[in-house]
There are 2 protein chains.
Amino acid sequence: MLTTGEAAKYCGVNFRTVIRWIERGRLKAYKLPGRGDHRIQTQDFVAFLRDNNMPVPPELVGTNNRVLVIEDQPEMAAAIRRTLKRAGYDVEVAKDGFIAGTMLMRHNPALVTLDLKMPGMDGYQVLNFIREQEDHSQVKVLVVSAETREGLARAKTSGADDILPKPFDNSELLAKVSQLIGDGQPVSAQDQLV
Amino acid sequence: MLTTGEAAKYCGVNFRTVIRWIERGRLKAYKLPGRGDHRIQTQDFVAFLRDNNMPVPPELVGTNNRVLVIEDQPEMAAAIRRTLKRAGYDVEVAKDGFIAGTMLMRHNPALVTLDLKMPGMDGYQVLNFIREQEDHSQVKVLVVSAETREGLARAKTSGADDILPKPFDNSELLAKVSQLIGDGQPVSAQDQLV
DNA sequence: TGATATAATGTCATGATTGACAGGTTAGAT
DNA sequence: ATCTAACCTGTCAATCATGACATTATATCA
């Protein structure tokens with residue numbers, strides 16, 4: 001939730017200009033009853049920035065170091081979790097599709113590792129679904145799978161940001177994750193601003 | 001029921017501001033005897049948000065008539081959907097666990113019909129999971145299944161509000177649903193208007 | 001090219017609301 | 001019964017909205 005002044009700083013313009021954008025309907029916002037202050041929801045502001053090819057401040061893009069691991073094999077899940085935790089990421093594990101779905105919505109992770117082969121879940125469909133979701137179209141998806149080369153290629157066309165064939169080294173995993181969302185250690189505690 | 005602090009977070013303002021709104025009669029609330037804490041009824045708060053064209057958080061939309069149908073068999077899903085739609089409910093269908101999870105979080109339904117036997121999803125686990133979730137512990141769960149009597153009993157202990165053995169009549173379905181969350185037709189459509 | 005019109009943005013002053021802080025109290029949890 | 005987190009009140013500084021006007025950028029036309 002942002003005020004006009006904060007939004008103005010992010011854009012490098014005068015707050016008067018932000019108000020005018022709002023008045024013209026370019027930027028979505030609502031008014032408070034008292035003085036008529038504007039409040040801009042962070043997601044609307046980010047959408048606005050993206051629409052106009054403006055740089056998006058990292059602290060507005062959710063919490064950068066949160067990873068959701070969608071994986072039903074306990075050992076594999078534990079291994080990924082351990083590796084990422086050690087590197088400083090905030091890791092959640094979902095061992096079935098339902099829980100994965102709720103966690104995606106609830107925790108709004110920066111990255112999801114997705115096992116394509118989970119019982120009762122079509123990984124490709126999940127990929128498509130995530131990409132269709134307004135709110136989560138920005139989340140990075142790293143497909144982790146023992147699929148064939150064709151399957152992995154198909155995953156890429158379905159919206160995966162990167163793929164990691166099983167088996168893999170921890171270093172490979174970390175390299176891919178950090179390439180997609182940066183290092184696990186938060187740059188500063190201010191990233192947690194609400 | 002909300003405190004000033006909670007309302008403040010929803011609006012993106014300081015709690016002091018919320019108190020001022022209350023003092024000026026813009027927002028309805030009442031005081032507790034002790035410290036003079038304010039308590040705001042959810043419906044009053046939602047009405048306030050609507051009056052001022054402010055976004056209404058989905059989890060506050062109290063008595064809605066939204067139903068989420070978790071069912072992987074297309075014919076069965078269509079049948080339930082049709083029946084409930086006709087009765088005036090707002091129906092969403094999820095055909096796998098992942099989508100079901102996201103929809104539960106996104107649409108905040110008043111009731112979920114849950115097929116216990118879905119591939120890759122342990123219905124009992126889902127039940128437990130829903131009950132553990134802070135935000136959604138209020139949602140009613142109607143288990144719809146061809147399970148054995150023991151299985152259905154177990155579902156009840158896992159947190160199901162009611163069970164409906166397959167096969168069933170439409171009238172049975174409607175009876176159970178309306179018993180759990182009331183009739184499908186909103187009491188008055190104007191309640192939802194701006 | 002150069003001149004003019006139009007739109008967008010920045011600046012300033014005023015008035016009102018909101019946020020921050022400090023000190024005291026209690027609701028809710030254990 | 002105790003403890004912590006959250007709440008209330010009052011005050012004052014910071015912030016925001018508004019309107020008027022200056023300045024800059026863009027478009028249009030001769």
Detail all sub-3.5 Å separations between protein N/O atoms and N/O atoms belonging to nucleotides 23-25 of chain D.
none

**Asked** Has R26(B) got its NZ or CZ under 6.0 Å from the middle of the six-membered ring of F48(B), at an angle within 45 degrees of the ring axis?
**Response**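 So R26(B) doesn't make the cation-pi contact.
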**Asked** Could a donor-acceptor pair under 3.5 angstrom be found where the side chain of R20(B) meets the base of dT17(C)?
**Response** no
**Asked** Hey, is the side chain of R35(B) pairing donor to acceptor with the base of dA27(C) inside 3.5 Å?
**Response** no
According to a strict under-4.0 Å criterion, is [X] in side-chain N/O contact with OP1 or OP2 of [N]?
X	N	answer
W21(A)	dT9(C)	yes
H38(A)	dC16(D)	no
R16(B)	dA22(C)	no
K31(B)	dT9(D)	yes

Linked, directly or transitively: [X] and [Y] (ILVMFWY side chains, under 4.5 Å):
X	Y	answer
V13(B)	I19(B)	no
V18(B)	L32(B)	no
Y30(A)	F15(A)	no

**Message:** Using C1' atoms of five pairs at each end, report the bend of the helix from dT1(C)-dA30(D) to dT30(C)-dA1(D) rounded to 10 degrees.
**Reply:** 60°
**Request:** Using a heavy-atom cut-off of under 4.0 Å over every strand shown, decide if R26(A) touches base, sugar-phosphate, or nothing.
**Result:**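 It contacts nothing in the nucleic acid.
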**Request:** Give the ring-plane orientation class for F98(B) versus F129(A), where under 30° counts as parallel, over 60° as perpendicular and anything between as tilted.
**Result:** perpendicular
Rounded off to whole Å, could you give me the [atom1]-to-[atom2] distance for the [X] and [N] pair?
X	N	atom1	atom2	answer
D37(B)	dT9(D)	CG	C1'	12 Å
N52(A)	dT9(C)	CG	P	11 Å
M1(B)	dG28(C)	CE	C1'	16 Å

**Asked** With distance as the sole test, does T4(A) use its side chain to make a donor-acceptor pair with the main-chain N or O of H38(A) at under 3.5 Å?
**Response**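 No, T4(A) side chain to H38(A) backbone: no donor-acceptor pair under 3.5 Å.
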**Request:** Under 4.0 Å from any atom of DNA chain D, heavy atoms only: list the residues of residues 3-14 of chain B that qualify, in numerical order.
**Result:** T3(B), T4(B), G5(B)
